[in-house]
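As structure tokens, the structure follows; a few thoughts come after it.
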Amino acid sequence: MTFTSTRQLEEAARHDAGLWQLREIWAPPKGLRRFKEINNTVIGELYVLTAIFFLLVGGLLAMLIRAQLALPENDLLSADWYNQIFTMHGTTMMFLFAVPIMEAVAIYVLPQMLGARDLPFPRISAYGYWAYLLGGLMALGSLLFKIAPAGGWFMYVPLTGPEYSPGYGPDFWLLGIGFIEVSAVAASIELIIGILKFRPPGMSLDRMPIFAWYMLVFGFMIMFGFPPLVLGDILLEVERAFHWPFYDAGKGGDPLLWQHLFWLFGHPEVYIIFLPGAAMLSTIIPTFARAPLAGYVWIVLAAVGTGFLSFGLWVHHMYTTGIPMMSLSFFSAASLAVAIPSGIQVFAWIATIWSGPGVLLKVPMLYALGAIFIFVAGGLTGVMVALVPVDFQVHDTYFVVAHFHYVLFGGAVMPVLAALHYWMPLATGKLMSETLGRLSFALIFVGFNVAFFPMHITGLRGMPRRVYTYPADLGWDWLNLVSSVGAYMVAAGMAVFLWDWLYWHRKHGRDAGYNPWNAGTLEWHTVTPSSAFSLRSVPIVSSTYPLWDEPGLADRIDRGEFYLADSPDMRRKTLRTGTVMGEPREVILLPHPSWTPLVAAVGTASFFGLAIFKLWWLCAAAALVVIAAGVVWMWDTEPLPEPNRYDIGRGETCPMHVNGTETHGFWGMALLVLFDLAAFVSLIFSLLFLWTVNRDLSPPVPEGGLGWASAAAGLVLVSSLAFRLASFGNRRGLFIALVVGLILALLAMIAGAGAMLQSLLVTGLLPTQSAFAAVYWMFVAWTGFHMAISTIFVLYMLARAAAGKVTPDRRQSLMNVELFWHYTTGVAVASLVIVHLWPRVI
Amino acid sequence: MPMNVIDRDSLIGMVAGPLVWTAHFLVAYILVAVGCAFGFGTSGPGEWGAVRTAVIIASGIALAIIAVLILLAWRRWTQSGGSETPQNERQARHRFMAVGSLLLCFLSGVAVVYVTVPLFFLAACQ
């Protein structure tokens, strides 16, 4: 029988040793030690709470904006203060709310949906969360001292460069937000590997919950979308701190380079936010339409297609910057093409509603329908502004403000509100109030349209964005007043929602019991609130909606009839399965609660915080803390139990430690390298861009550096060869070969780094003298940074080898480091070719 | 080897169409940016110029590759039973992957055509 109340569950645990073991090892620590917990349910809850807190802050800033603009020539806020407020409104909403809330919900709900106990790297999730919290507080803290960035959320140079923003404002943005990107990358690696490798047996790709498909695309989009921004951030911060003139037109730089790098991130970002929103809708709508999602494969096509096409849209934010008309037309075409997959999703949702026996209009569904309505309206104006001539007219007016608020509110905020109402029972075991929910929905939906619909007209009447006030009698007065009234209605609706979400339903809400919405996906398989270990046993599924199509499955999961129903050795574990078909491959021992993620995050936060004030020695100390935490963190990985088989139940066994390219550890490193490669390609793009815009200024040839460059290339190649020998030796059990190979690799790499530095020093080119020279030096600095990381990795591997932790059977860490090592070699050789050969060839 | 990569159950095979679109988009963007910077383009409405020709050739190549991918996906679809009800798990999965890549190829083809259309109306560096 399926448990219908938590009492029954408690009762059962008393007689069932397996269940008792699972509850015991997955119970979060009590008191202050709770902050050690790394399990996805605890971290996911904190993550959601924090994201909603930032939503509240962003919303309060919006209220200030609307108060200021309600009346013409208002003097509530000064111009500078207004600039800080609208900048932080956009920054908070995009970076501190929209992306993180999607990661948060996914981290919380995905493992349960996928029948896994947790995501592949729980400590990385925890680290990502703490990094996000601290980075967010750091960025927002600047507001308290009225020294916040004031150049808009897109931070255009030269306004945010050293000359026009000499204060700390932009540094808070660049370092605070740069730091938060770390957590986005952490989450995306988690989600990609979790979705591809931690599904239950039988859940082949064609049976994955649609939510997982979307989040898979989301993860890959972060992989390729964030690196250009990371690079742009680094370049701008280096320009501000050390005067390397990447964006300084007087020295061969170009402000448009920033715009390219920013929007190369910024447009995919919009879809990074929208796709999880669509994922929530695609999960919630079938439940309340009481019918499977219509056109599953079409939705997959839409998610994947949007993921690709959204990378061809970035210049549509730059139509008015003087780029050749032909180039603009490519981006216009791609912007129109992306409407196809967006449309397909909307039609699939409508078809789903149509195909069912009638819609249950519960609060989550109301929010979902509201989301579709608002998103479609935003999409239609999106088609308008995708057209170059229309955009010329409405660029930087309130029309665009109306457009993107419609898209983002419909595509992200409403779906998130729907999702919070929908999934709250998993966390609290209680249903949120229908009455309060309807009230908040009415206020938010009506208020939103009252606030933002008039902005289309305000914009067409010529009101520009980002002005802190406007003269009376331009025809904007009443429109602005109406918008402000609407905005306050939204705020009232949010207040009702928060009251219910944080307090009312927890105290007075109805018990949700088992599967309150009669949903079909696995996260609802047992009584709510769900356990920290997600599910009693990892099931074998044979359908996209297992709870609908396989009667008795939930019951059998709860009775522990499937895999990993107990844990006699009292260790947290989950199952890794094949990517396409989902067959059991390995039992993953998951880490237990630990302080290292929090310590590492505090160290990283200190590093970035201290860098704002250029306290470099303290930065170095913070970096040491991070490295130390990292070593403690990694030291106990790769346990090798004897014998290396584990009884997973049903008469089957699985290895507990596997070496090779299919392991989640190797994939983690491979994805990290992919991310890094995308940033490196962005650096190459920057050089090519400066080259095409500077036709009268050819890139300087680094005279006299060729000899040193050849030596450097030779040395790094030797280091890679030495590493290869080390790992070959290890496989053969030759400990001496391993140690000698690693030491040789290390020495060759350090010598290579020296030669590379020398190859540019001898040329006399200084990074401050021109943008080209600055980019050359950036290639060297970039490579040097990677060499430093590689060096630390190898010292760590030598320590592991000395401790007997690197053997022919335990070579996974070595393989992961080797991948990074060869990648570093590749970066070094590519950089040397670009800096020393390319200027000679062109 | 290439046949293995775009074989039935590979995710990379499934996104082969969009990958072609990506490559084409980048080539078109770079050709115009670099071509205009070095004076291979034209700026008058009536003139043709080398950049346009190059991008149109690139479009032709991209569409040809997508056509081949469509044929391959179509064959996989018919091999996995076409529109009949799938017999087993394996067949259902193959079908899903085939239809997925087929639809993505169509979308990519349309997107390539979209990008190509303006070439016939605009001078490259106007």
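Computed from heavy atoms alone, side chains included, the values below leave out hydrogens, waters and symmetry copies.
Contacts between B:Val55 and chain A at a heavy-atom distance below 4.5 Å involve the side chain alone, from C-beta outward. Both the backbone and the side chain of B:Leu104 come within contact range of chain A, with heavy atoms under 4.5 Å apart. Contact of B:Leu19 with chain A is made through backbone and side chain together, with heavy-atom distances under 4.5 Å. For A:Val297, the parts lying under 4.5 angstrom from a heavy atom of chain B are both the backbone and the side chain. Contacts of B:Leu119 with chain A are made by both backbone and side-chain atoms, with heavy-atom separations under 4.5 Å. Using a 4.5 Å cut-off between heavy atoms, A:Leu336 touches chain B through backbone and side chain atoms alike. Within the 4.5 angstrom heavy-atom criterion, only side-chain atoms of B:Val110, from C-beta onward, approach chain A.
By the neighbour-count criterion of 12 heavy atoms within 6.0 Å, atom CH2 of B:Trp74 is sparsely surrounded, having that number or fewer from other residues, nucleotides or ligands. No more than 12 heavy-atom neighbours from other residues, nucleotides or ligands sit within 6.0 angstrom of CZ on A:Phe347.
For the atom pair B:Leu31 CG and A:Phe330 CZ, the distance stands at 8.0 Å (nearest 0.5 Å). Separating the CZ atom in B:Arg52 from the CE atom in A:Met326 is a distance of 5.5 Å, to the nearest 0.5 Å. Atom CD1 in B:Ile30 sits 13.0 Å away from atom CZ in A:Phe689 (nearest 0.5 Å).
Chain B forms the most heavy-atom pairs under 4.5 Å with one residue out of A:Gly202, A:Ser542, A:Gly312, A:Pro341, and that residue is A:Gly312. Counting heavy-atom pairs closer than 4.5 Å to chain B, the top-ranked of the candidates A:Val304, A:Leu309, A:Leu196 is A:Leu309. The candidate with the highest count of non-hydrogen atom pairs below 4.5 Å against chain B, out of A:Asn694, A:Val338, A:Leu688, A:Ile340, is A:Ile340. Comparing B:Val15, B:Thr22, B:Val34 by heavy-atom pairs within less than 4.5 Å of chain A, the highest count is held by B:Val15.
With a 4.5 Å cut-off on side-chain heavy atoms, A:Val300 and B:Phe96 count as touching. Contact annotation: the side chain of A:Leu328 never approaches that of B:Leu122 to less than 4.5 Å [non-hydrogen atoms, C-beta and beyond]. With contacts defined as side-chain heavy-atom distances shorter than 4.5 Å, the pair A:Trp298/B:Leu103 qualifies.
Looking at A:Phe311, A:Phe331, A:Phe308 one by one, the single match for ring-ring contact (aromatic ring centres under 6.0 Å, His included) with B:Phe25 turns out to be A:Phe331.
Taking the six-membered ring where the residue is Trp, A:Phe685 and B:Tyr29 present parallel rings, their angle staying beneath 30° rather than reaching 60°.
Considering all non-hydrogen atoms of both residues, B:Arg93 and A:Ser204 come closest at CD-CB, 3.5 Å.
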Walk me through whether A:Leu301 and B:Phe106 qualify under side chain to side chain contact (heavy atoms under 4.5 Å, CB included). CA-CA 10 Å; A:Leu301 144 100; B:Phe106 280 128; over 6 Å; no

